[in-house]
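What follows is a set of notes on a single structure, which appears directly below.
Since this is a predicted model, take the numbers as computed values, not measurements.
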Amino acid sequence: MKGKSGVRHAITRGGAGLRIGEVARQAGVSTRALRYYEEQGLLAPARTHSGQRTYPDSAVERVRLIQKLFTAGLPSRTIGQLLPSIDAGQASPEVFDLMTAERDRITSTMAELSAARDELDRMIEIAHHPTPEHCPALREPPWSADGSGGEEERETGRALLGWDQRRP
């Protein structure tokens, strides 16, 4: 029988296998996660005649493996491509290429995150120690009260502020 996700499901009789809640508890995941793995084709439970999911005892170990692959930063699409090789116990050159490409993608993302963190650190430092170079509010305008700015600078300042230049 084929489920909504397109994954083939076996029909079981009686109470054989683990129920979804038991697999979730033993593997340390939510039942929602198990349904997601099924939707993604990563896990294929059997179904009872009433449609309830049942899993073999080995499903707990498979779910833990899927969790490790997610923790390693792999998307479900990639995990789905790796699982057949894992199940077969040997990897093809394509699988190694896939894992290498994923590692390169993660390395690139880490570099981007590091640069973002460094920029944020710079912004935090500026916020703690503002200077006129970085904070316009600390700059002395050319039309300041001490009269150091000329009439032309004052007129420019008034224009920038939207003041009517004809008013005193």
Side-chain angles (χ1 to χ4, degrees), residues 3-7 20-45 53 55 59-87 91-168:
K4 288 186 264 183
S5 66
V7 175
I20 191 170
E22 184 60 22
V23 173
R25 187 187 66 70
Q26 287 184 32
V29 300
S30 68
T31 57
R32 173 68 185 107
L34 296 178
R35 288 186 205 99
Y36 174 76
Y37 298 162
E38 181 182 353
E39 289 169 8
Q40 298 300 307
L42 307 177
L43 194 60
R53 294 169 176 85
Y55 299 86
V60 173
E61 184 179 343
R62 185 172 188 91
V63 169
R64 289 179 180 150
L65 171 64
I66 292 168
Q67 284 295 121
K68 287 179 182 176
L69 294 169
F70 275 125
T71 300
L74 299 179
S76 58
R77 171 188 45 78
T78 301
I79 294 171
Q81 292 172 304
L82 294 176
L83 286 176
S85 292
I86 293 169
D87 292 340
S92 66
E94 292 82 19
V95 167
F96 286 109
D97 291 344
L98 180 63
M99 289 189 296
T100 300
E102 286 299 325
R103 184 193 60 217
D104 293 346
R105 179 189 61 79
I106 291 168
T107 299
S108 174
T109 300
M110 289 170 60
E112 291 168 6
L113 287 171
S114 179
R117 183 199 58 225
D118 292 347
E119 186 60 23
L120 184 57
D121 285 344
R122 192 173 83 73
M123 293 288 111
I124 291 169
E125 180 63 25
I126 289 170
H128 280 297
H129 308 288
T131 65
E133 175 188 359
H134 300 107
C135 182
L138 297 177
R139 296 183 191 139
E140 189 67 37
W143 61 88
S144 64
D146 69 1
S148 62
E151 184 59 33
E152 185 177 324
E153 287 85 1
R154 282 193 287 280
E155 291 300 322
T156 302
R158 287 185 189 114
L160 290 172
L161 292 173
W163 294 348
D164 185 346
Q165 293 181 356
R166 289 172 289 169
R167 289 193 302 180

Would you check if the side chain of S108 reaches a backbone N or O of D104 as a donor-acceptor pair within less than 3.5 Å? no
Student check: side-chain heavy atoms of V23 and R62 closer than 4.5 Å: no
When you look at L98 and E94, which way does the side chain to side chain contact (heavy atoms under 4.5 Å, CB included) test go after all the steps? CA-CA 6 Å; L98 180 63; E94 292 82 19; over 6 Å; no
Does M110 have more than 12 heavy atoms from other residues, nucleotides or ligands lying within 6.0 Å of its CE? no
If we only count heavy atoms from C-beta on, is the E22 to Q26 side-chain gap below 4.5 Å? yes
Hey, are R122 and E119 close enough for a salt bridge, meaning a charged N less than 4.0 Å from a carboxylate O? yes
For S30 against A24, the heavy-atom pair lying closest together: C-CB, 3.9 Å
Can you give me the closest heavy-atom contact between S85 and V95, atom names plus distance? OG-CG2, 3.1 Å
d(I66 CD1, L34 CG) to nearest 0.5 Å is 8.5 Å
Determine whether V29 and Y36 make a side-chain contact, defined as any pair of heavy atoms from C-beta on separated by less than 4.5 Å. no
Any chance you could measure L65, atom CG, to I86, atom CD1, to the nearest 0.5 Å? 5.0 Å
Once you round to the nearest 0.5 Å, how far does CD1 of I20 lie from CD of E38? 7.5 Å
Find the distance between CG (L43) and CG (L83) and round it off to the nearest 0.5 Å. 9.5 Å
What one should report as the nearest heavy-atom pair of Y55 and P45 is CE2-CB, 3.3 Å
Output yes when R64 and E61 qualify as a salt bridge under the 4.0 Å nitrogen-oxygen rule, no when they do not. no
Might you point out which heavy atoms bring A27 and V63 nearest each other, and give the distance in Å? CB-CG1, 3.6 Å
Can you tell me how far apart CZ (R117) and CD1 (I124) are? Round to the nearest 0.5 Å. 11.0 Å
Run the side chain to side chain contact (heavy atoms under 4.5 Å, CB included) test on H129 and E125 for me, step by step, so that the C-alpha distance in whole Å, both residues' side-chain angles and the decisive distance to 0.1 Å come before the verdict. CA-CA 6 Å; H129 308 288; E125 180 63 25; 2.8 Å; yes
Sidechain N-carboxylate O distance under 4.0 Å for E102, R105: yes
Could you check L69 against T78 for side chain to side chain contact (heavy atoms under 4.5 Å, CB included), going step by step and ending with a plain yes or no? CA-CA 9 Å; L69 294 169; T78 301; over 6 Å; no
M123 side, atom CE; L120 side, atom CG - distance, nearest 0.5 Å: 8.5 Å
Least distance between heavy atoms, L74 atom then F70 atom: O-CD2, 3.3 Å
